[in-house]
Number of protein chains: 2
Amino acid sequence: MSTPARRGRPPRSEHDGADRRRAILTAARESFAAQGYKGTTMRGVARAAGVDAALVHHYFGAKEDLFLAALELPLDPRTVLPTVLAGDLDTAAWRLLRTVLTLWDEPAARLQLVAVARAGLASPAESNPLRDGLLPLILAPLAERLPGPDPVRRAQFVATQMIGLLVARYVLAIEPLASLPREEVVAWVAPNLQRYFTGQPQQEG
Amino acid sequence: MSTPARRGRPPRSEHDGADRRRAILTAARESFAAQGYKGTTMRGVARAAGVDAALVHHYFGAKEDLFLAALELPLDPRTVLPTVLAGDLDTAAWRLLRTVLTLWDEPAARLQLVAVARAGLASPAESNPLRDGLLPLILAPLAERLPGPDPVRRAQFVATQMIGLLVARYVLAIEPLASLPREEVVAWVAPNLQRYFTGQPQQEG
């Protein structure tokens with residue numbers, strides 16, 4: 001990616017710093033897309049961007065921070081989720097759903113989120129960066145808040161409902177679902193989501 | 001697509017017929033992908049395949065039949081769904097879920113279905129052939145079986161749960177969900193699906 005020798009030197013100005021950040025993000029996006037989340041290393045991204053690995057850490061922190069920066073998500077699930085899930089667990093599904101739908105209903109955020117979802121769904125299952133990079137950052141704080149004996153399983157069933165709702169309403173934009181008022185969606189979906197939070201499996205109908 | 005003049009003549013042999021069917025399916029796939037379901041016409045497919053429109057109808061029936069043939073689905077939702085949904089509506093979610101998961105758990109069918117899902121999810125929302133061509137063939141017989149006042153809405157919420165489950169378990173292959181025994185998945189998801197079938201929305205948690 002252009003003049004690696006120049007990029008290898010420490011930044012001399014604001015402008016140089018912005019160039020380097022951009023080069024790192026471009027290299028990161030290419031690597032996450034081609035090698036997946038697990039196959040991407042900070043060292044490999046640094047090499048592709050023509051900078052020192054320490055600079056990648058300096059600008060972006062850990063690999064998961066670099067991944068979130070590359071996705072340009074409008075918020076960080078690691079800080080938002082614990083806040084939303086704090087408080088009464090028996091009504092947590094309503095709060096989570098309102099927060100997520102309010103975010104996706106906002107046009108600019110939706111544009112970015114749908115693009116991320118679409119790219120992630122098209123990636124091969126063997127090295128899907130959406131599953132390996134983003135989902136754990138969402139499911140871990142969720143599982144931490146859910147009752148045993150198997151909170152990870154509960155969190156994954158929550159994911160089945162949330163993924164399907166987001167795909168149907170925003171990615172596929174099925175009508176009339178895509179145009180339903182948010183509170184109507186919440187009233188239908190929240191009780192089901194809540195059952196995954198705090199309910200039990202049921203062998204027969 | 002090669003020698004339209006020859007393809008324009010009526011079939012002279014089994015071999016010619018097979019060639020024509022293949023040419024029609026190829027043209028149909030290209031059109032559904034490029035123009036979407038609504039933008040595809042039998043006449044346009046016939047023209048691209050170098051055959052008469054009557055021959056497309058003769059081989060494949062209506063546009064929705066041609067679409068299903070182009071997808072190479074392992075079964076026809078228009079015949080399977082009414083059968084599965086016949087009988088006690090209060091346990092229909094368990095039957096539907098078992099039928100769908102048994103199908104997707106079968107490796108050869110899954111390969112084809114995941115390919116269809118992946119291509120559909122990557123298509124633009126404006127003219128998504130999965131949404132406009134396939135989903136109505138699934139949601140119409142479902143809505144027909146569900147109670148009022150708004151069975152179409154119920155069917156779409158059923159879709160949110162089913163799409164999310166299929167994406168999470170088979171397209172993204174999130175573990176351990178992807179490896180859970182089928183009956184464990186059914187026991188978690190069926191009561192929620194059943195609520196969309198016969199339950200009610202709930203304003204607050």
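In what follows, every heavy atom counts, from backbone to side chain, and hydrogens, waters and symmetry copies are set aside. On a predicted model such as this, the values are computed, not experimentally measured, just so you know.
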ask   = Once you round to the nearest 0.5 Å, how far does CD1 of A:Ile174 lie from CG of B:Leu139?
value =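 So the gap between those two atoms works out to 6.5 Å.
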ask   = How long is the gap from CZ on A:Phe157 to CZ on B:Arg169, to the nearest 0.5 Å?
value =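 It comes to 8.0 Å.
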key: Heavy-atom check, side chain of B:Gln203 versus side chain of A:Trp94, under 4.5 Å   =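 Side-chain contact under 4.5 Å: no.
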message = Does anything in residues 74-81 of chain B reach chain A? List residues with heavy atoms under 4.5 Å apart, or say none.
response =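 The stretch does not come within 4.5 Å of chain A.
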Would you say the side-chain atoms of [X] pair up with the backbone N or O of [Y], donor to acceptor, closer than 3.5 Å?
X	Y	answer
A:Arg118	B:Ser123	yes
A:Arg131	B:Leu172	yes
B:Arg195	A:Trp188	yes
A:Gln156	B:Leu177	yes

In terms of heavy-atom pairs under 4.5 Å with chain B, which of [options] leads?
options	value
A:Gln194, A:Arg154, A:Glu126	A:Arg154
A:Leu180, A:Leu135, A:Leu130	A:Leu180
A:Leu193, A:Ile163, A:Asn192, A:Val186	A:Asn192
A:Leu165, A:Val152, A:Asn128, A:Val114	A:Leu165

ask   = Which answer fits A:Leu166, side chain, backbone, both or neither, if we ask what part of it has an atom under 4.5 Å from a heavy atom of chain B?
value =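 Contact with chain B is absent: no heavy atom of A:Leu166 under 4.5 Å.
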key: Contacting moiety of A:Ala173, where chain B heavy atoms sit under 4.5 Å   =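 Looking at A:Ala173, backbone and side chain both touch chain B.
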query = Around atom CZ of B:Arg43, are there more than 12 heavy atoms of other residues, nucleotides or ligands at under 6.0 Å?
reply =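 Count not over threshold, so no.
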Can you tell me which of [options] forms the most heavy-atom pairs within a distance under 4.5 Å of chain A?
options	answer
B:Ala168, B:Ala122, B:Ala117	B:Ala122
B:Ala93, B:Gly164, B:Gly199	B:Gly164
B:Gln200, B:Met162, B:Glu184	B:Glu184

request  = Answer with side chain, backbone, both or neither: which region of B:Val167 has an atom nearer than 4.5 Å to a non-hydrogen atom of chain A?
outcome  =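 Side chain of B:Val167 only, per the 4.5 Å heavy-atom cut-off to chain A.
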